[in-house]
There are 2 protein chains.
Amino acid sequence: MEQQQDPGQARARVLIVDDDPTVAEIVSGYLDRAGYDVDHAGDGPDALARAAAHRPDLVVLDLMLPGMDGLEVCRRIRGRGPVPVIMLTARGDEDDRILGLEVGADDYVTKPFSPRELVLRVESVLRRARPAPPSAAVLRAAGLAVDPVARRAHKNGTELALTIREFDLLAFFLRHPGRAFTREELMHQVWGWDFGDLSTVTVHVRRLRGKIEDDPARPRLIQTVWGVGYRFDTADTHGTGTPDATPPDARTADARASDAGEG
Amino acid sequence: MEQQQDPGQARARVLIVDDDPTVAEIVSGYLDRAGYDVDHAGDGPDALARAAAHRPDLVVLDLMLPGMDGLEVCRRIRGRGPVPVIMLTARGDEDDRILGLEVGADDYVTKPFSPRELVLRVESVLRRARPAPPSAAVLRAAGLAVDPVARRAHKNGTELALTIREFDLLAFFLRHPGRAFTREELMHQVWGWDFGDLSTVTVHVRRLRGKIEDDPARPRLIQTVWGVGYRFDTADTHGTGTPDATPPDARTADARASDAGEG
DNA sequence: GCGCCGACGTCCGCGTTCCGTAAGGAGCCG
DNA sequence: CGGCTCCTTACGGAACGCGGACGTCGGCGC
């Protein structure tokens with residue numbers, strides 16, 4: 001069964017381009033019942049006009065069109081913007097598939113096809129084309145954005161060139177803002193070591209400061225807690241003398257495994 | 001999907017639904033000689049029962065049935081699973097054809113038909129139904145277009161001559177843009193190995209770079225993540241806005257089979 | 001059968017990057 | 001002022017990535 005779309009969400013517009021009225025009608029019925037806003041064009045020029053007027057979210061395009069070549073239509077439609085295209089080709093016509101691939105089709109369905117399958121393809125392509133919604137995996141604070149999955153860090157939109165240790169250290173700080181850590185703790189959490197020269201931590205904090213602080217000589221983000229260690233301060237966790245200011249982040253102990261990457 | 005008749009494999013099961021015994025017998029004979037395991041039902045309820053019991057790989061369904069409508073039978077059978085259906089319709093009855101397609105038939109044969117033709121259709125539908133598990137779309141990014149089904153890759157319209165490993169590697173990268181992978185992960189996901197010389201990955205990345213990068217010495221698409229591995233970057237996954245284009249979908253064990261192709 | 005060729009995995013040398021440590025100087029506190 | 005802590009810089013070595021090249025295996029044509 002096809003699933004309905006979210007009520008409240010605008011229905012996705014689908015443009016069907018086919019010169020056979022019966023095929024178009026069947027497909028329209030299926031897509032309509034599946035919750036799409038369907039438009040139909042019978043030939044190439046009509047397709048281009050409707051595509052320009054209605055700005056569909058997806059185009060189902062028959063390759064065999066009277067007048068204008070389906071490939072040409074595809075090319076022109078995609079020339080205006082990144083609209084996903086599903087192409088209907090004759091059964092087993094390998095050449096058409098290849099051409100469709102080159103011209104910019106995102107998927108193809110061979111005729112005769114089951115309307116059910118077409119609906120599935122439409123859903124699949126649209127799902128794939130949807131821009132990724134706010135990825136929750138990105139850590140943000142004080143103009144910094146750290147993506148542990150991509151292993152990228154940005155400061156005010158420009159990318160930072162961080163080494164592994166610097167990246168892991170910054171990611172750890174971002175996960176635990178406003179809290180002071182001793183060098184031993186950092187060495188344990190970020191390095192995974194329970195012993196070693198603690199000046200290693202000092203040096204890496206210094207290097208990280210040099211890359212993320214506006215004035216490394218007078219650091220704002222990574223504060224030195226005299227006699228203790230370091231604390232990452234964001235702009236919003238400022239001024240509150242909170243002794244136990246656990247951020248909304250519910251992350252507790254043993255964050256090492258996820259914070260410091262590999263063991 | 002089910003298996004086709006390979007030597008050693010079980011024969012494909014075909015269920016014939018027709019109220020005319022002579023027709024059913026003739027068709028059964030042909031299909032049996034063609035190597036299929038044939039079952040027969042004379043009316044709608046019988047068809048549903050046998051379909052449930054024997055789980056056929058394909059159903060040949062006469063539209064004109066006593067008792068229950070053929071369309072209703074088709075609808076119910078397909079409601080249980082994605083079974084291919086070939087429909088037998090009266091000659092020139094356009095409405096039946098349309099209805100058949102609407103209900104989800106994969107092909108149709110008009111009566112009177114030659115049993116030989118029906119066998120060909122059966123083979124065709126089974127062949128088509130098997131190796132086309134739904135998601136067989138085209139991957140696109142940064143001027144690249146990769147068709148996993150056709151095993152073709154294009155860059156800016158010109159075809160790339162990729163080896164098997166290079167193709168699988170590129171397809172995997174295109175499926176997970178903007179995400180960093182270690183060599184171990186790539187070896188596992190693309191090669192399917194859990195051990196082995198990781199320099200193999202390095203070498204293949206280099207060879208792939210030589211074919212898809214404008215300046216392989218200064219790669220833009222496949223970025224090296226120092227100390228970690230590699231990351232495929234598209235033009236649009238650049239900057240703070242959308243650092244992660246990969247939806248947090250189910251990334252399970254079966255991802256390998258679909259990612260690396262079926263070899 | 002024989003030789004050619006492409007694909008693949010492995011190995012080695014080189015240049016680069018990064019890391020941990022050491023040492024000297026400055027800052028903070030009693 | 002003395003002791004301790006922290007900052008800064010420098011350096012050697014290890015780790016890493018890259019490019020080039022080699023040996024093997026299988027397919028294909030002769």
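Below, chain A is the first sequence line, B the second, and so on; all start at residue 1.
For A:Asp197, whose side chain is taken as the heavy atoms from C-beta onward, the closest listed nucleotide among D:dC7, C:dC8, C:dA22 is C:dA22. Closest to the side chain of B:Arg183, out of D:dT8, D:dC18, D:dG20, is D:dC18.
Residues satisfying the ring-ring contact (aromatic ring centres under 6.0 Å, His included) test with B:His204, not counting sequence neighbours, are B:Trp191.
For the pair B:Arg218 CZ and D:dC18 C1', the computed distance is 14 Å after rounding to whole Å. At whole-Å resolution of the value, CE in A:Met187 and C1' in C:dT21 are 11 Å apart. When rounded to the nearest whole Å, the span between CD1 of B:Ile164 and P of D:dC25 equals 18 Å. To the nearest angstrom, C1' of D:dG17 lies 15 Å from CG of B:Leu186.
In terms of phosphate contacts, B:Trp191 brings a side-chain nitrogen or oxygen within less than 4.0 Å of OP1 or OP2 of C:dG9. For C:dA22, the OP1/OP2 oxygens have no side-chain nitrogen or oxygen of A:Ser199 closer than 4.0 Å. In terms of phosphate contacts, B:Tyr230 brings no side-chain nitrogen or oxygen within less than 4.0 Å of OP1 or OP2 of D:dC16. Considering only side-chain N and O atoms, A:Arg209 lies under 4.0 angstrom from the phosphate OP1 or OP2 of D:dC7.
Among the heavy atoms of the strands lying under 4.0 Å from A:Arg207 is at least one base atom, whether or not backbone atoms are also near.
Note on residues 69-89 of chain A: no pairs pass ring-ring contact (aromatic ring centres under 6.0 Å, His included), not counting sequence neighbours.
For A:Glu159 and A:Arg152, the salt-bridge test passes: some basic side-chain N is under 4.0 Å from an acidic carboxylate O.
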